[in-house]
Amino acid sequence: MQLEEHEASSLIAQRQKKLGAIVELGFEPYPRKFDVTHTLPEILASYSGKTAEELEKEKPVVRAAGRMMTIRPHGKAGFAHLAGGGVRLQVYVRLDAVGERDFELYKLLDLGDLIGVEGYLFRTRTGELTIHAGRLQFLAKALLPMPEKWHGLADVEIRYRQRYLDLLANEEVRKTFERRSRIVRALRDFLDGEGFMEVETPMMQPLPGGALARPFKTHHNALDIDLYLRVAPELYLKRLVVGGLDRVYEINRNFRNEGISTQHNPEFTMLEFYQAYADYRDMMDLTERLLRHVTKTVLGSTTFEYAEQEISLDRFHRLTMKEAIVEYWPKEAGTAPTMEGVVETRGVFKWIEAFDRWAAQQSGESIHPLALPQGTAPGMALQALFEAVAERYLIQPTFITEFPLEVSPLSKQKPDDPNFVERFELFIGGMELANAFSELNDPREQRDRFEYQQLLREKGDLSAHTVDEDYVRALSYGMPPTGGEGIGIDRLTMLLTGSKSIRDVILFPLLRPEKKSGE
RNA sequence: GGGCCGGUAGCUCAAUGGUAGAGCACUGCCCUUUUAAGGCAGGGGUUCUGGGUUCGAAUCCCAGCCGGCUCACCA
């Protein structure tokens, strides 16, 4: 929506004209500053407890500023609400208190205008804390009209494209993002308290690595090299562990050139942390403590509602990937596999056949056959079957362990079963929230894994790893046994704010750009 | 990318083939403790865009644009 388009329309023309009239009264149209004695939340904090009589005696004088969200004129007096800092405060303006000029200004103000007020606090007949204005100061004009004051802004496209309007019109949106900020602060507090050091590693990487996902590609002109926006900070953080930073973490953006959904945005925020001399079991314990700390700090409780389900962080369940398949196998799809049945890795294909036969008969939208391509590795097939069968049912916090080797190129193998690795993913509310493992620190094994990935890549899997020689070199200097983990901050925020879409916890989610008129 | 749903005044929404409407917002007048303030009067539309069917289209058909949900990919 271009401003020029509106120039001719009466609404903006009217307001432009009013701005002219305000200047005529001797006010600057866009003044530099306004010194306040209090923010609006500070006024509420200091004076909400005071009675009408106490205020009447003290007549505390304040200077405050905000955006006009309501206006109720009554002839030679009137009310308005100022909004700011997530609260509202009423202002009472009367001709005999503010004088001709300021009262003329009051009459020229529109919803959305920014003003400063000086006056004393009192309570109205209905008991509402209110500034009795002695002076008004014009601060800025809203040339475009605010969204509807009662229903707010409902059009989701405008809410995402013009988040500033969403924040102004919908109080709960501001609350969601305030909570997100507290979540991140609580994470930092917890990790700092555990002796972790926060670091920043490259967002632009010559080789994309650390996760199996397609990267965004860009180009640096001066060096004339291609660079990739990182899909994960993992390989850099582990280089730091090699360098003796035994406990490190990073909270920052990752970029993945994949689809967009209610759980995926191309750029998203990830917490990754690494702890030397620890393994994936230690990471489980740490995760439980971390999530309880954050939830308790932010919500005051370790239980909360999500998608009409009561979720409790008091107990974290543990299932191996195979156990989860057995547990959640659809009864209608025939006899469930037994643990013995899935022990033999190749046996998984039998169960995929059974699942696909059943899924093909389902008319529902949400169940589809896996239809794996010919030659899919057994480990990949197992993970695909797990996701199809079990993932959506993992509402209560559940660690899924024993991931197949093929889908885990950076994890250490299990000593008793080299086809599987020491890795878990944490599921809450049917979403994958965290991914952790005992980090592979054998450089020769790591090179073999990279080379297998390279093979997949050459077969057309664009999310497979490339060989990172410098990372192998770093491991060759010796990396301590290390546990590492990534936690999706956006999804954690979804859980703790009851948001069904990731777009509701990202201030500016990616949308297709608006077309300019005339194109 | 596939499927389903949606796009009407600044905003929230009506109008199922027959004169495009309401509330809020806006304009004018009245009103010195109101709070979804009130009273009276008024202005405002490329019904997403382009085709088609029809005597007649916001409404039916086709194509496109944008968005939502969902499936696939992924975290």
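Per chain, numbering begins at 1; letters A, B, ... match sequence-line order. A quick note: this is a predicted structure, and the numbers were derived from the prediction, not measured.
At the phosphate of U33(B), neither OP1 nor OP2 sits under 4.0 Å from any side-chain N or O atom of Thr130(A). Residue Lys149(A) has no polar side-chain atom (N or O) positioned under 4.0 Å from OP1 or OP2 of C11(B). Distances shorter than 4.0 Å separate none of the side-chain N or O atoms of Arg72(A) from OP1 or OP2 on U34(B). Within the 4.0 Å cut-off from OP1 or OP2 of C66(B), at least one side-chain nitrogen or oxygen of Arg512(A) is found. OP1 or OP2 of U34(B) sits under 4.0 Å from a side-chain N or O of Arg125(A). Remark: Thr262(A) is not in phosphate contact with C69(B), judged by side-chain N or O atoms under 4.0 Å from OP1 or OP2. Between U34(B) and Arg123(A), no contact under 4.0 Å exists linking OP1 or OP2 to a side-chain N or O. A sub-4.0 Å separation between OP1 or OP2 of G67(B) and a side-chain N or O of Arg161(A) is present.
Aromatic stacking of Phe268(A) on A75(B): satisfied, with centres closer than 5.5 Å and planes within an angle under 30 degrees.
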Report the C-alpha distance between Glu422(A) and Lys412(A) in whole Å, list the side-chain angles of each, state the deciding distance to 0.1 Å, and finish with yes or no for salt bridge (charged side-chain N to carboxylate O under 4.0 Å, His left out). CA-CA 6 Å; Glu422(A) 294 195 346; Lys412(A) 206 174 250 180; over 6 Å; no
Which is it for Tyr274(A) and Glu272(A) under the side chain to side chain donor-acceptor pair (under 3.5 Å) test, yes or no, and what are the steps along the way? CA-CA 7 Å; Tyr274(A) 292 84; Glu272(A) 280 204 14; 2.7 Å; yes
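Counting any heavy atom pair closer than 4.0 Å across all strands shown, Leu95(A) reaches no nucleic acid atom.
Atoms NE2 (His74(A)) and C1' (G38(B)) sit 8 Å apart, rounded to a whole Å. In this entry the distance linking CG of Leu271(A) with P of A75(B) reads 17 Å, nearest Å. Lys18(A) places its NZ atom 12 Å from the P atom of A25(B), with the value rounded to the nearest Å. Between the CG atom of Asp166(A) and the C1' atom of U12(B) there is a distance of 15 Å, rounded to whole Å. The nearest whole Å value for the distance from the CG atom in Leu433(A) to the C1' atom in A75(B) is 10 Å. Atom-to-atom, CG of Leu165(A) to P of G10(B) comes out at 14 Å; the value is rounded to the nearest Å. As rounded to whole Å, 10 Å separates atom P of G68(B) from atom CG of Asp504(A).
Of the two residues near RNA chain B, Lys500(A) and Glu258(A), the one whose nearest nucleotide lies more 5' is Lys500(A). Where Asp110(A) and Lys76(A) each meet RNA chain B at their nearest nucleotide, the meeting point lying more 5' is that of Asp110(A).
For the side chain to side chain contact (heavy atoms under 4.5 Å, CB included) with Asp490(A), the qualifying choice from Asn265(A), Ile506(A), Asp504(A) is Ile506(A), the only one to do so.
Residues Lys76(A) and Asp96(A) are not paired through a salt bridge, judged by the lack of any N-O separation under 4.0 Å between the basic side chain and the carboxylate. Salt-bridge check for Glu172(A) with Lys175(A): failed, with every basic side-chain N at 4.0 Å or more from each acidic carboxylate O. Salt-bridge check for Arg318(A) with Glu288(A): passed, with a basic side-chain N closer than 4.0 Å to an acidic carboxylate O.
The partner of A72(B) is absent, by the rule that a Watson-Crick or G-U pair needs both atom distances under 3.5 Å.
Residue Asp96(A) places a side-chain atom within donor-acceptor reach of the base of U32(B), judged by atom type and a 3.5 Å distance cut-off alone.
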